[in-house]
2 protein chains.
Amino acid sequence: MKSENRKKEIISAASILFKEKGYSAVTMRDLAKAMGIKAASLYNHIQSKQEILSTIIIGLAEEFTVGMNKIVSSDASTIQKLKNIIDLHIDVTLRNADGLASLNSDWMHLEEGNLQYFEQMREEYEENFRTIVKRGVANGEIKSYNIEIMVFSTLSTLRTLYLWYPKQHGIDADILKRDMMSVLLKGIV
Amino acid sequence: MKSENRKKEIISAASILFKEKGYSAVTMRDLAKAMGIKAASLYNHIQSKQEILSTIIIGLAEEFTVGMNKIVSSDASTIQKLKNIIDLHIDVTLRNADGLASLNSDWMHLEEGNLQYFEQMREEYEENFRTIVKRGVANGEIKSYNIEIMVFSTLSTLRTLYLWYPKQHGIDADILKRDMMSVLLKGIV
DNA sequence: TTATTAAACTAACAAACGTTAGTTTTGTTT
DNA sequence: AAACAAAACTAACGTTTGTTAGTTTAATAA
């Protein structure tokens, strides 16, 4: 049994380094040092630096895609769907805040088909989000402001949770979800 | 008169490339090609790659610092102060969306004193923001949710405006400001 | 025209990059 | 104890990196 464990350790260490300095600024020697081994030894477990990046990003993007598809195809109200989206983002952030840094900041360094695959998933995710909000505006659940502004405003906060959450010590996940839903949906005034 | 114009052109071109691929992934040869010259020729106008980055970031950070200080020392209401902050972010974004990408994503690659200088400005900016919101909660202008969540939620949207605004064709700045204020302060539900 | 200067060029540098090949160490199975 | 496989190692490769030195071209001033 070829130890896939070591590979996961490498990817975890890489996620942290990528978060701190970005994919391009992290060298294989940096990563090796963080693992306590030499750079060449990494290649006993991974195929390339690029493989590390795509493993981190594509896995997370697929998680979002699966989650969003469940929400879209449910028969919940618009507001409940928005709450479910907030829930999804917070859950993923709690589970893999480091990896989200790469998804948000280094996706453009994906190669081969992975870049297009990622962009397609992201576009569909945003389109689903937009459709939910539009429907809410149509049936009066959501205010009639500019759709793009509402979608962007909400999504930008959810997407950058990974930057903020690790700095909050010991904030309870449920309280975070409750307050975040209030702030994003009902405002602060 | 040594042409400072050419230097500004280089910094503009660099801002665009840094936005697309990040500071570390952009080579001096990439930048030279975008300018239609050879890499070595860049050094007739700039001292180093690092100088380009710090010029972009420190200038913008100081703009935010000056703007925030004006707002803080005014005698406007909390809500008006928040509106002024939104105004400030939108104004800076309209004027230099490309540079904001470096400020947001590549500040950690600043060297020497500039890194500490930047971090200090950012910390003071956030602290000013927090103080404004806290005062608003104290006098009843702002709802009593978790302070950090309200500050983060608002600021994360304002900070990533640069990613979103250029993709909206022909949205009027005043309409953007008005709707953004409504969405951020009063929510979408 | 000549002199001067700004801004381009060619050529090259030392260092750092991702990665490969081949070897040794370490730990487990027979 | 012997055999095997996993995972570390050393050494090196061909590129690419930011940058410097010295030279040529182009534009302006005397």
Side-chain angles (χ1 to χ4, degrees), chain A residues 1-58 102 105-115, chain B residues 1-58 102 105-115:
Chain A
M1 182 184 69
K2 196 171 186 180
S3 173
E4 290 289 309
N5 243 34
R6 198 77 173 129
K7 184 167 183 174
K8 282 181 185 164
E9 286 176 22
I10 291 173
I11 290 172
S12 287
S15 296
I16 294 171
L17 294 179
F18 291 169
K19 177 183 182 177
E20 290 170 352
K21 308 181 18 178
Y23 175 74
S24 299
V26 174
T27 72
M28 296 305 278
R29 287 166 180 84
D30 291 336
L31 178 54
K33 182 167 278 182
M35 295 288 299
I37 59 178
K38 299 288 173 175
S41 305
L42 293 168
Y43 290 84
N44 285 318
H45 308 281
I46 54 126
Q47 292 196 359
S48 64
K49 189 186 181 190
Q50 174 68 204
E51 186 205 8
I52 299 175
L53 184 69
S54 59
T55 300
I56 294 170
I57 295 181
I58 299 297
S102 296
S105 301
D106 282 319
W107 57 267
M108 73 287 287
H109 299 118
L110 289 173
E111 289 174 1
E112 308 156 26
N114 280 326
L115 177 57
Chain B
M1 182 183 70
K2 196 170 184 179
S3 173
E4 290 289 309
N5 243 34
R6 198 76 174 131
K7 184 168 183 173
K8 282 181 185 165
E9 285 176 21
I10 291 173
I11 289 172
S12 288
S15 297
I16 294 171
L17 294 181
F18 291 170
K19 177 183 181 177
E20 290 170 351
K21 307 180 22 178
Y23 175 73
S24 299
V26 174
T27 71
M28 297 303 278
R29 286 164 180 84
D30 290 337
L31 178 53
K33 182 166 278 182
M35 295 288 299
I37 59 178
K38 299 287 172 173
S41 305
L42 293 168
Y43 289 84
N44 286 318
H45 308 282
I46 55 127
Q47 293 194 359
S48 63
K49 190 187 181 189
Q50 174 69 202
E51 187 205 7
I52 298 175
L53 184 70
S54 59
T55 301
I56 294 171
I57 294 181
I58 299 297
S102 296
S105 300
D106 283 319
W107 57 267
M108 73 287 286
H109 299 118
L110 288 172
E111 289 174 3
E112 308 159 26
N114 280 326
L115 178 57

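Throughout, protein chains are lettered first and strands after them, A, B, ... in sequence-line order, and every chain is numbered starting at 1. Computed from a prediction, not measured in an experiment: that's the story for all the values here.
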Could you give the [atom1]-to-[atom2] distance, from [X] to [N], as a whole number of Å?
X        : N      : atom1 : atom2 : answer
A:Leu31  : D:dA8  : CG    : P     : 12 Å
A:Arg6   : D:dA6  : CZ    : P     : 15 Å
A:Leu17  : C:dC17 : CG    : P     : 13 Å
B:Ile10  : C:dA7  : CD1   : C1'   : 10 Å
B:Ile37  : C:dT10 : CD1   : P     : 12 Å
A:His109 : C:dC17 : NE2   : P     : 16 Å
A:Lys38  : D:dA8  : NZ    : C1'   : 11 Å
B:Asn5   : D:dA27 : CG    : C1'   : 16 Å

Whichever of B:Asp30 and A:Leu42 has the more 5' nearest nucleotide on DNA chain D, that residue is A:Leu42

Got a donor-acceptor contact below 3.5 angstrom from the [X] side chain to the [Y] backbone?
X        : Y        : answer
B:Ser41  : B:Ile37  : no
A:Asp106 : A:Gly22  : no
B:Ser54  : B:Glu51  : yes
B:Lys49  : B:Thr27  : no
A:Gln50  : A:His109 : yes

Would you sort out whether A:Met35 and A:Glu9 count as a side chain to side chain contact (heavy atoms under 4.5 Å, CB included), showing the intermediate values?
CA-CA 8 Å; A:Met35 295 288 299; A:Glu9 286 176 22; 4.0 Å; yes

Output one line per pair: protein atom, nucleotide atom from nucleotides 18-28 of chain C, and distance, for all N/O pairs under 3.5 Å.
{"from": "C:dG18", "atom 1": "OP1", "to": "A:Val26", "atom 2": "O", "distance (Å)": "3.4"}
{"from": "C:dG18", "atom 1": "OP1", "to": "A:Lys49", "atom 2": "NZ", "distance (Å)": "3.1"}
{"from": "C:dG18", "atom 1": "OP2", "to": "A:Met28", "atom 2": "N", "distance (Å)": "2.8"}
{"from": "C:dG18", "atom 1": "N7", "to": "A:Arg29", "atom 2": "NH1", "distance (Å)": "3.0"}
{"from": "C:dG18", "atom 1": "O6", "to": "A:Arg29", "atom 2": "NH2", "distance (Å)": "3.1"}
{"from": "C:dT19", "atom 1": "OP2", "to": "A:Tyr43", "atom 2": "OH", "distance (Å)": "2.6"}
{"from": "C:dT19", "atom 1": "OP2", "to": "A:Lys49", "atom 2": "N", "distance (Å)": "2.9"}
{"from": "C:dT19", "atom 1": "O5'", "to": "A:Tyr43", "atom 2": "OH", "distance (Å)": "3.3"}

Give, for atom CD1 of B:Ile11 and atom OG of B:Ser102, the distance between the pair rounded to the nearest 0.5 Å.
11.0 Å

Would you say B:His45 reaches C:dA6's phosphate, i.e. side-chain N/O to OP1/OP2 under 4.0 Å?
no

Please determine whether a side-chain nitrogen or oxygen atom of A:Ser41 lies at a distance below 4.0 Å from atom OP1 or OP2 of D:dA7.
no

